[in-house]
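Since we're looking at a predicted model, the values are computed, not measured. Here is how names work: the chains are called A, B, and so on, in the same order as the sequence lines, proteins then strands, and each is numbered from 1.
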Number of protein chains: 2
Amino acid sequence: MKIGELAKKAKCTVETIRYYEKVGLLPASSRDNINNYRLYNKSHLERLTFVRHCRALAMSHEEILVLLQARNQPAQKCDSIDQLIDDHLQHVTVRIKELQKLEAQLLKLRLQCQTPTDSQHCGILQDLEQAIEDNSTDKNFSHVAGSH
Amino acid sequence: MKIGELAKKAKCTVETIRYYEKVGLLPASSRDNINNYRLYNKSHLERLTFVRHCRALAMSHEEILVLLQARNQPAQKCDSIDQLIDDHLQHVTVRIKELQKLEAQLLKLRLQCQTPTDSQHCGILQDLEQAIEDNSTDKNFSHVAGSH
DNA sequence: TAAACACCCTGAAGCGGCTTCAGGGTCAAG
DNA sequence: CTTGACCCTGAAGCCGCTTCAGGGTGTTTA
């Protein structure tokens with residue numbers, strides 16, 4: 001199958017597939033001799049699907065590469081896989097807590113200006129000029145992405 | 001004061017300050033005639049502190065610029081400020097929910113391999129090859145960053 | 001007085017995980 | 001024979017910095 005069909009089946013864009021090939025998450029496919037189009041088979045789709053599932057779980061490319069390698073060495077013990085998932089889970093949990101702190105701070109901030117007035121007296125701006133309790137959010141970032 | 005002192009007072013790096021100047025979050029400072037070092041005063045510190053507080057709340061530069069502008073127009077109504085905070089809060093809340101879904105999926109995944117075996121039979125790898133219920137995480141990303 | 005060291009400067013590149021753009025070739029349908 | 005859908009490549013853009021390369025300045029100490 002051609003790249004467009006693969007993209008549809010894996011629910012991603014063709015650009016993403018070409019990008020994955022470039023960075024080594026997918027092996028280079030064979031090519032049509034005549035027009036140089038990339039040609040894929042079922043095993044490409046399986047690998048790509050695997051990668052997309054990992055990405056949906058917010059794993060980094062590095063983590064995914066480890067899993068892909070493990071997948072190719074069936075006899076190996078899977079302790080390292082368990083560890084990787086545990087570590088990643090930890091990242092996500094940490095990030096959730098960070099964002100919850102942030103949410104609480106923003107809620108508090110928002111309450112500073114319940115009744116709209118002019119900027120000069122807006123409690124929100126005044127608060128943003130004050131110190132915020134040290135919470136170390138955004139410092140030792142875990143690897144799971146944020147809110148924008 | 002020189003840039004190093006400002007950085008210390010604002011709890012950020014000198015590189016960050018130079019970067020903020022470049023992208024317009026801080027105005028260009030005056031310079032020492034002799035050695036071209038940047039020279040700052042209290043108002044720079046206040047503005048930088050404001051920016052750092054906003055960043056600690058995971059606001060984007062764009063959002064911060066809006067707030068800085070409002071801060072400079074004291075007579076203006078502050079509805080737009082309230083709206084901005086509300087919107088941002090919404091981003092954060094959405095992102096938390098996304099990450100919580102993810103956390104649940106990862107926990108479930110982790111349970112697939114309670115007793116370590118070989119990769120070939122590892123429930124985690126098997127699960128990652130199956131479809132995962134469509135949750136649309138990672139698609140319409142809000143702007144608040146993730147876990148890595 | 002000279003060397004060591006802390007601090008300052010600039011401009012460019014790197015990070016991750018793509019997306020977008022510019023500029024082109026291929027192929028089937030009407 | 002042209003339209004439009006699809007394919008190709010390589011480079012740049014996104015965000016918010018951080019790091020690097022290559023240099024100048026300023027104080028302290030041997």
Where each residue is assigned the nucleotide of DNA chain D containing its nearest heavy atom, which of B/R52 and B/I34 is assigned the position nearer the 5′ end?
-> B/R52

Hey, does the side-chain of A/Y37 have a donor or acceptor N/O within less than 3.5 Å of a partner on the base of C/dG25?
-> yes

Evaluate side-chain hydrogen bond (donor to acceptor under 3.5 Å, both in side chains) for B/D86 paired with B/Q90, printing each intermediate quantity in order.
-> CA-CA 6 Å; B/D86 283 343; B/Q90 181 74 11; over 6 Å; no

How close or far is atom P of C/dG17 from atom CD of A/E21, stated in whole angstroms?
-> 18 Å

Where the side chain of B/V14 is concerned, which of D/dC17, C/dC8, C/dC18 is the nearest nucleotide?
-> C/dC8

Options D/dC8, D/dT18, D/dG16, nucleotide nearest the side-chain atoms of B/T13 = D/dT18

Given D/dC7, C/dC8, C/dC9, the nucleotide with the shortest approach to the side chain of A/I3 = D/dC7

Over how many whole Å does the gap from A/M1 atom CE to D/dC6 atom C1' extend?
-> 16 Å

Mind listing the closest non-hydrogen atom pair of B/L68 and B/L25 along with its distance?
-> CD1-O, 3.9 Å

Would one find a side-chain N or O of A/H61 under 4.0 angstrom from OP1 or OP2 of C/dG17?
-> yes

Under 4.0 angstrom between B/S60 side-chain N/O and D/dC15 OP1 or OP2 | no

Output yes when at least one side-chain N/O atom of A/R38 is less than 4.0 Å from OP1 or OP2 of D/dC8, else no.
-> yes

Pairwise side-chain contact, A/Y40 with A/R47, heavy-atom cut-off 4.5 Å (strictly under) = no

Rounded to the nearest 0.5 Å, how far apart are CE of A/M59 and CD1 of A/I85?
-> 4.0 Å

Residue B/K2, side-chain heavy atoms: nucleotide from C/dC8, D/dT18, D/dT9 that is nearest | C/dC8

Closest approach of B/A7 to B/T13 (non-hydrogen atoms, all atoms of both residues) = CB-C, 3.9 Å

Integer-rounded Å distance: D/dC6 P and A/R31 CZ | 19 Å

In terms of the nearest nucleotide of DNA chain D, which residue is placed more toward the 5' end: A/Y40 or B/L25?
-> A/Y40

Nearest-angstrom distance from the residue atom NZ of B/K22 to C1' of D/dC17 | 10 Å

A/R18 side-chain N/O to C/dT19 phosphate OP1/OP2 under 4.0 Å = no

Atom OH of A/Y19 and atom P of D/dT9: how far apart are they, to the nearest Å?
-> 16 Å

Rounded to the nearest Å, what distance is computed from the CG atom of residue A/L26 to the P atom of nucleotide C/dC18?
-> 11 Å

N or O in side chain of A/N35 less than 4.0 angstrom from C/dC27 OP1/OP2 = yes

